[in-house]
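The structure under discussion is supplied below as structure tokens; questions concerning it will follow.
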Amino acid sequence: MVSSVLAFLGVLAASTSAAAPPPPPNNAAAACRSLKSSFPQQVVSSADAAYPAWNGRWADTAELAPSCIFRPKTAKDVSAAVKVLNKEAGPAGDACPFSIKCGGHTPWAGANNVNNGVAIDLSGYMNTTTVSADKTIVSLGGGEVWRSAYAKTDGMGIAFPGGRCPGTGVGGVSLGGGYSWFQGSVGFVADNVINFEVVLASGEIVNANKTNHQDLFMALKGGNNNFGVVTRVDLATFQHSQQIHGGLIIVPVEASDAVLENLQRFTDDDAAGGVHTNAGLTVEYFLNATSGVGQILLWVIDTDAAGEHEAIRPFLEMQPQIVNRVATSSIAQYPSSVPAVTRVMMADLTFVNDLETLKGVHKITMQIFEESKGIPGLVWDFQFEPLSRHVIDQSVARGGNSLGINGTADDLLIMFIMPLWSDPAYDDQVYAAAQKWHSSVQAYTASMGKGHRFEFANYAAKFQNVMASYGPENLQFLRTVSRKYDPKQIFQRSVRGGYKLGV
Ligand SMILES: Cc1cc2nc3c(=O)[nH]c(=O)nc-3n(C[C@H](O)[C@H](O)[C@H](O)COP(=O)(O)OP(=O)(O)OC[C@H]3O[C@@H](n4cnc5c(N)ncnc54)[C@H](O)[C@@H]3O)c2cc1C
Ligand SMILES: *[C@@H]1O[C@H](CO)[C@@H](O)[C@H](O)[C@H]1NC(C)=O
Ligand SMILES: *[C@@H]1O[C@H](CO)[C@@H](O)[C@H](O)[C@H]1NC(C)=O
Ligand SMILES: *[C@@H]1O[C@H](CO)[C@@H](O)[C@H](O)[C@H]1NC(C)=O
Ligand SMILES: *[C@@H]1O[C@H](CO)[C@@H](O)[C@H](O)[C@H]1NC(C)=O
């Protein structure tokens, strides 16, 4: 098998990156002046002292220099801004370029920021969490981050699915589908949304839900920033003790074979004790090229805190353990925050949960790490996220989403690489390695008959065609919804970042 795996490493030469053409002239300066006069306290430009702080991102790789940054307080503010951006049309009749940011955790430049345009930052004021009187709905501002939502609902006896890294945003996580610790019992975060409040391209504020703009509602459940600026996300809650049991176990990389076997078994609904709704797992390889030390981080969780769930027991029992930080804690205290980083990127793909394929994919990933070790300070991080059929069934039970995986007969694994490095001079080399990884693994899993087209927006690289990965039928649906709600295609042409519909 080794040779057949390695054969795929040569399939794609590193991409050549051409210098980007200069951006066309636009009316960003005029849009900024207009916003500043309407919202004097909510707009900063590069001369202002607050600009660097407002312009900060989780990763340095995402930082750009917008003409100004606008922090709305309400949906009406967003609506007013979208009208200004429409009015300040550029030469081609497009709206002034703008970007949308919530938690700012997407690591690539331009996903949530813009050069020579207006950056809308929802996180400044629209970071609200309110719970309905009967506690069945939590309403999250379009700029809220999960840490804050968990803290504000602590002690209320409810839970709802959200980002596992508390610094990620409600906007990005839910619009990309959203993988949470409650995945096994309630599916994707997006599946639990009961209403999105959205500012459309025209500036109109609408609610999208099961009974109102149903097509837009479905499109937003996975459709990223293609349809509007989401100003509020209403999520269904469930009663919960708010106690969870889990945390981090670190084992040496020498345990890799056993880890992969346990991962495959965990993800297999047909294995003995296979369907488990209250257990969660992420397997993260963390390989330091400088020190040569490799570790495997096993993030395990038992969301009902009833003790140690049998599905995660094989991981709890692995020996030797370098670190064991498994404990019972509240949702708000769960220890998984990831501090800000310098240079980082992510790229992802999906394949069928088959052990031979998994081992082959692992081997390709290790081979590309070997080839990339010359990049100074490189940490080669890659992670596996189980996506079992019982999770997908939860999506269908809740009315479906736009991810295009509802018909999948197999248990799946989402995998992403997340290399970290420090010198921008090596950006191109890292991206080339990531592209090679992506195409090599895709080709390999396809050759095994175990490939899957789905690419999860939340861990994707800029070079990925995420919306097309939802399948032709879904892409067609998303394009139709886009034309209906955004006839001038503002979100395709003038909004920077995100994964476009390719129209
Ligand atoms: C340390 C770390 C941990 C992570 N953990 C998880 C996890 O547990 N589960 C998971 O699913 N993902 C996870 N991710 C991936 C994460 O979901 C994505 O990076 C996501 O895009 C982050 O959302 P954000 O709001 O923080 O990012 P942003 O970069 O602010 O937004 C992401 C995208 O969504 C758009 N967007 C954001 N808000 C809105 C809005 N209100 N209206 C319209 N468009 C909007 C932006 O324009 C951008 O294109 C993690 C990422 C990191 C770095
Ligand atoms: C919202 O975020 C701002 C800026 O980080 C912070 O000062 C403020 O306390 C937050 N408000 C709420 C309600 O969380
Ligand atoms: C759906 O939208 C309509 C129209 O705005 C609103 O009246 C209704 O309350 C919304 N439903 C939900 C579940 O939010
Ligand atoms: C990698 O190892 C080097 C050498 O031991 C160390 O200086 C560096 O901090 C490590 N990097 C990370 C991210 O742990
Ligand atoms: C799955 O999604 C497709 C559209 O992509 C839809 O036609 C079909 O009804 C969905 N099936 C289920 C079981 O939800």
Side-chain angles (χ1 to χ4, degrees), residues 41-42 44 50 52-60 69 71-75 101-104 121-132 134 136-154 166-167 169-171 191-200 204-218 220-221 228 230-237 250 253 284-297 322-323 332 338-344 369 373 375-382 398-399 418-423:
Q41 305 302 317
Q42 292 165 244
V44 301
W54 288 25
N55 200 34
R57 296 293 185 271
W58 175 69
D60 291 355
I69 305 167
R71 286 189 159 177
K73 293 185 173 173
T74 62
K101 177 201 162 238
C102 177
D121 176 14
L122 298 163
S123 73
Y125 299 105
M126 300 188 70
N127 50 345
T128 53
T129 294
T130 55
V131 175
S132 64
D134 65 2
T136 59
I137 302 166
V138 61
S139 295
L140 306 164
E144 183 63 301
V145 294
W146 297 102
R147 172 193 293 112
S148 170
Y150 300 149
K152 289 167 185 164
T153 52
D154 195 28
V170 166
D191 299 325
N192 297 272
V193 176
I194 57 168
N195 181 63
F196 290 102
E197 181 189 73
V198 198
V199 175
L200 300 176
E204 189 189 350
I205 305 169
V206 302
N207 281 309
N209 58 53
K210 212 162 63 181
T211 53
N212 199 48
H213 300 306
Q214 197 269 337
D215 48 0
L216 179 61
F217 179 54
M218 183 64 99
L220 286 166
K221 294 199 276 178
V230 171
T231 48
R232 200 183 75 234
V233 177
D234 298 332
L235 270 181
T237 68
I250 301 183
V253 77
E284 174 176 8
Y285 283 66
F286 189 90
L287 311 175
N288 185 327
T290 312
S291 64
V293 173
Q295 300 186 328
I296 307 175
L297 284 61
I322 299 166
V323 166
V338 182
V341 295
T342 55
R343 308 203 81 70
V344 62
F369 172 48
K373 276 183 171 169
I375 296 166
L378 178 71
V379 171
W380 191 247
D381 182 296
F382 56 96
R398 280 164 179 71
M418 190 173 85
L420 299 137
W421 71 107
S422 49
D423 184 347

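Read the numbers this way: they start at 1 and go in the same order the structure lists the ligands and their atoms. Note that the structure is predicted; figures quoted are calculated from it, not measured.
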Practice item. Consider every N or O of Asn207 and every N or O of ligand 3, then say whether any pair is closer than 3.5 Å. Key: yes
Practice item. Determine whether Thr231 and Met126 make a side-chain contact, defined as any pair of heavy atoms from C-beta on separated by less than 4.5 Å. Key: yes
Point to revise | ring-ring contact (aromatic ring centres under 6.0 Å, His included) involving Tyr285 - partner list, sequence neighbours excluded | key: His362, Phe382
Check your understanding: So is Asn209 polar-close to ligand 3, meaning N/O to N/O under 3.5 Å?
Key -> yes
Exercise for review: Decide whether an N or O pair under 3.5 Å exists between Lys152 and ligand 2.
Suggested key: yes
Review point. Going by distance alone, is a donor N or O of one side chain under 3.5 Å from an acceptor N or O of the other, for Asn195 and Asn207?
Key: yes
Taking a 3.5 Å cut-off between nitrogen or oxygen atoms, can you list every pair linking ligand 4 to the protein, with distances?
unit_1   : atom_1 : unit_2 : atom_2 : d
ligand 4 : 2 (O)  : Asn288 : OD1    : 3.2
ligand 4 : 2 (O)  : Asn288 : ND2    : 2.3
ligand 4 : 11 (N) : Asn288 : ND2    : 2.9

Exercise for review: Please indicate whether Lys373 has more than 12 foreign heavy atoms, meaning atoms of other residues, nucleotides or ligands, lying under 6.0 Å from its NZ.
Suggested key: yes
Check your understanding: Hey, which atoms in ligand 2 end up nearer than 4.0 Å to a heavy atom of Asn127?
Key -> 1 (C), 2 (O), 3 (C), 8 (C), 10 (C), 11 (N), 12 (C), 13 (C), 14 (O)
Practice item. Determine, for Asp234 against Arg232, whether the closest basic-nitrogen to carboxylate-oxygen distance falls under 4.0 angstrom. Key: yes
Practice item. Would you indicate whether the side-chain heavy atoms of Leu378 and Pro419 approach each other to under 4.5 Å? Key: yes
Practice item. Using a strict cut-off of 4.0 Å, indicate which atoms of ligand 2 neighbour a heavy atom of Gly124. Key: 1 (C), 2 (O), 3 (C)
Point to revise | From Lys221 atom NZ to Arg398 atom CZ, the distance as rounded to the nearest 0.5 Å | key: 10.0 Å
Review point. What is the distance from atom CG of Leu287 to atom CG of Leu420, rounded to the nearest 0.5 Å?
Key: 11.0 Å
